[in-house]
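I have placed the structure first, in the form of structure tokens, so that the comments after it can refer back to it.
Letters A, B, ... are given to chains in the order of the sequence lines, protein chains preceding strands, and every chain is numbered from 1. For the numbers below, each heavy atom of this structure counts, side chains included, while hydrogens, waters and symmetry mates do not. In this text the structure is predicted, and so the values were computed from the model without any measurement.
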There are 2 protein chains.
Amino acid sequence: MCQHRRMSTAKVLPLIESGGQGVAPCCPPLTERTLTAEEAMTASRMFRALGDPVRLRLFSAVASHEGGEACVCDISDVGVSQPTVSHHLKKLKEAGLLTSERRGTWVYYRVEPSVLTAMGQLLTLPAAA
Amino acid sequence: MCQHRRMSTAKVLPLIESGGQGVAPCCPPLTERTLTAEEAMTASRMFRALGDPVRLRLFSAVASHEGGEACVCDISDVGVSQPTVSHHLKKLKEAGLLTSERRGTWVYYRVEPSVLTAMGQLLTLPAAA
DNA sequence: CGCCAGTTTCGACATATGTCTATGTTGACG
DNA sequence: CGTCAACATAGACATATGTCGAAACTGGCG
């Protein structure tokens, strides 16, 4: 019950770095070798951020929203109170998965595309022989 | 300080279903639409399982080990006590990320390849136009 | 049978986490 | 300037989680 759709200035962002490889390295694929303690620390933060049902829904809501971004009011229907939504969005931001920007009354969140691809590469399977 | 390498019966497993698509569906990519509460519940369990540094190291140790499996004694050097290692392996098993099998004295863990690909697909980016 | 190495389970504990209500903060609009 | 809507922060609280040491379990071996 919100749905402010005033934002006609939404530039359609690419969501993918045009090289497909210019992303944050972080760690090798999980199937390559045992991660170091430090690598595991970094990578586990991202996984943990998506390890809560509410946060995962919020993340997918932002990621799938038109233009690659969404204001809080458009994704708040996840069954918890508004402060809790805010809290989870902050967590996602701290994990580097989302960025936020205030435009007038509303705050827009958008996914950090490089992190998404980085996580995907973590789960890369070794090429089948 | 273990390294029992008695297991000459290790069959070199493929690690990938030969269709590349015969995997558990679970949920659509996070960028496709907002997950339902139920989908988010399921998917977040897997992310949460990898959301601990120790577990992530253990998982990568198993996933990268020769033959796609490893006995506990070969991956226990992660800086925590052995019961804690066992506890984390149990968590990974409960999350469906690992399976275990006892062979004589040792217990071998191996990755569930279908889950890995399923998680990878969750992080799939929309095809760049 | 008895011991021993590998692994799991148990119980306890400190800390982290998710949730809420109440209250701040910020910007738009009369 | 006052009020309202959108979000964020603060504080409190119950529960989940990671860790350990101690003890149980399991199977090989002498």
Contacts table for residues 91-100 of chain B: side-chain donor-acceptor under 3.5 angstrom, sequence neighbours left out:
unit_1	atom_1	unit_2	atom_2	d
B/Lys93	NZ	B/Ser100	OG	2.7

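Taking every side-chain heavy atom of A/Lys90 into account, D/dT9 is the closest of D/dA8, D/dG21, D/dT9. Nearest to the side chain of A/Arg102, among C/dT26, D/dA8, C/dG6, sits C/dT26. Counting only heavy atoms from C-beta on, B/Trp106 has its side chain closest to C/dT7 among C/dT7, D/dA22, C/dG27. In this structure, of D/dA6, D/dC7, D/dT26, it is D/dC7 that holds the atom nearest to the side chain of A/Gln82.
When the nearest nucleotides of DNA chain C are assigned to B/Val72 and A/Thr105 by heavy-atom distance, the more 5′-ward of the two goes with B/Val72.
The nearest pair of heavy atoms linking B/Gly120 to A/Leu123 is N-CD1, 3.8 Å. In terms of heavy atoms, B/Pro53 sits closest to A/Ala40 at O-CB, 3.5 Å.
Rounded to whole Å, atom P of C/dT7 lies 13 Å from atom NZ of B/Lys93. Note: CD (B/Glu94) to C1' (C/dT8) measures 13 Å, nearest angstrom. Following rounding to the nearest Å, A/Glu101 (CD) and D/dA6 (P) show an atom-to-atom distance of 19 Å. For the pair A/Arg103 CZ and C/dA28 C1', the computed distance is 16 Å after rounding to whole Å. Distance CG (A/Leu98) to P (D/dC7): 14 Å, rounded to an integer number of Å. Atom C1' of nucleotide C/dG6 and atom CG of B/Leu89 are separated by 13 Å, given to the nearest angstrom.
Taken from CZ in A/Arg103 to OH in A/Tyr108, the straight-line distance is 5.5 Å, to the nearest 0.5 Å. In this structure, A/Leu56 CG and B/Leu30 CG are separated by 5.5 Å, a value rounded to the nearest 0.5 Å. With values rounded to the nearest 0.5 angstrom, B/Cys27 atom SG is found 10.5 Å from B/Met119 atom CE. The CH2 atom of A/Trp106 lies 13.0 Å from the CD atom of A/Glu69; values are rounded to the nearest 0.5 Å. Taken to the nearest 0.5 Å, the OG1 atom of B/Thr42 stands 9.5 Å off from the CG atom of B/Leu35. Distance CD1/B/Ile75 to OG/B/Ser64: 9.5 Å, rounded to 0.5 Å.
In this structure the side chain of B/Leu122 reaches within 4.5 angstrom of the side chain of B/Met46, judged on heavy atoms.
Over its length, the helix from C/dC1-D/dG30 to C/dG30-D/dC1 turns its helix axis by 10°, as judged from the five terminal pairs at each end, rounded to 10°.
Here B/Tyr108 does not reach the OP1 or OP2 of C/dT7: none of its side-chain N or O atoms lies under 4.0 Å away.
A search for side-chain hydrogen bond (donor to acceptor under 3.5 Å, both in side chains) contacts involving B/Thr84 returns B/Ser81, not counting sequence neighbours.
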Going 5' to 3' through nucleotides 12-19 of chain D and flagging B where a protein heavy-atom sits under 4.0 Å of the base, S where only the sugar-phosphate is that close, and - otherwise, we get -----SSB
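Note on residues 34-57 of chain B: pairs passing salt bridge (Lys or Arg N to Asp or Glu O under 4.0 Å), not counting sequence neighbours, are B/Arg33-B/Glu39.
Looking at heavy-atom distances under 4.0 Å, B/Ser86 makes contact with a base.
Contacts with DNA chain C (heavy atom under 4.0 Å) in residues 34-45 of chain B: none are found.
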